[in-house]
Amino acid sequence: MRARAPPGCDALVIATSAVPEILKLSLIPVILAKIFKREGVRPQFRWKEGQTPEQVDWLGQKVQIDAAKAAGVKQVVLVGRCGGVRQRV
């Protein structure tokens, strides 16, 4: 995967993120847990082919940053989110 920074670009803002897709059948135990007041039941998620966090958040951002460095971009701002599907401790 190769990317090019536009000529004259001196800053790059990256705001990409892998977006999970909920497994609809995993909602049944969640709903039952709510009805019967059980805790700790969470829905399950998956990522579409080619859209995993590693591919989007790591490799995709790396390609953009490498292209920016090669083009002499002076500043990169990385906007991200984390923990959207993690269980709270």
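Heavy-atom basis, side chains included; hydrogens, waters and symmetry copies ignored.
A donor-acceptor pair is defined here as one N or O able to donate and one able to accept, closer than 3.5 Å; no such pair exists between the side chain of Gln51 and the backbone of Trp47.
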Which pairs of donor and acceptor atoms, one on a side chain in residues 23-41, lie under 3.5 Å apart (sequence neighbours left out)?
{"unit_1": "Ser26", "atom_1": "OG", "unit_2": "Leu23", "atom_2": "O", "d": "2.6"}
{"unit_1": "Ser26", "atom_1": "OG", "unit_2": "Gln44", "atom_2": "N", "d": "2.9"}

Considering only distance and modelled atom types, tabulate donor-acceptor pairs under 3.5 Å from the side chains of residues 9-19, sequence neighbours left out.
{"unit_1": "Thr16", "atom_1": "OG1", "unit_2": "Gln61", "atom_2": "NE2", "d": "3.4"}

Show me the donor-acceptor pairs, under 3.5 Å and distance only, between side chains in residues 65-75 and residues at least two apart or in other chains.
{"unit_1": "Asp66", "atom_1": "OD2", "unit_2": "Lys62", "atom_2": "NZ", "d": "2.7"}

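Listed by chain and number, the residues in a side chain to side chain donor-acceptor pair (under 3.5 Å) with Glu54 amount to none (sequence neighbours excluded). Looking at residues two or more places apart in sequence or on another chain, you find a side chain to side chain contact (heavy atoms under 4.5 Å, CB included) between Glu21 and Arg46, Lys48.
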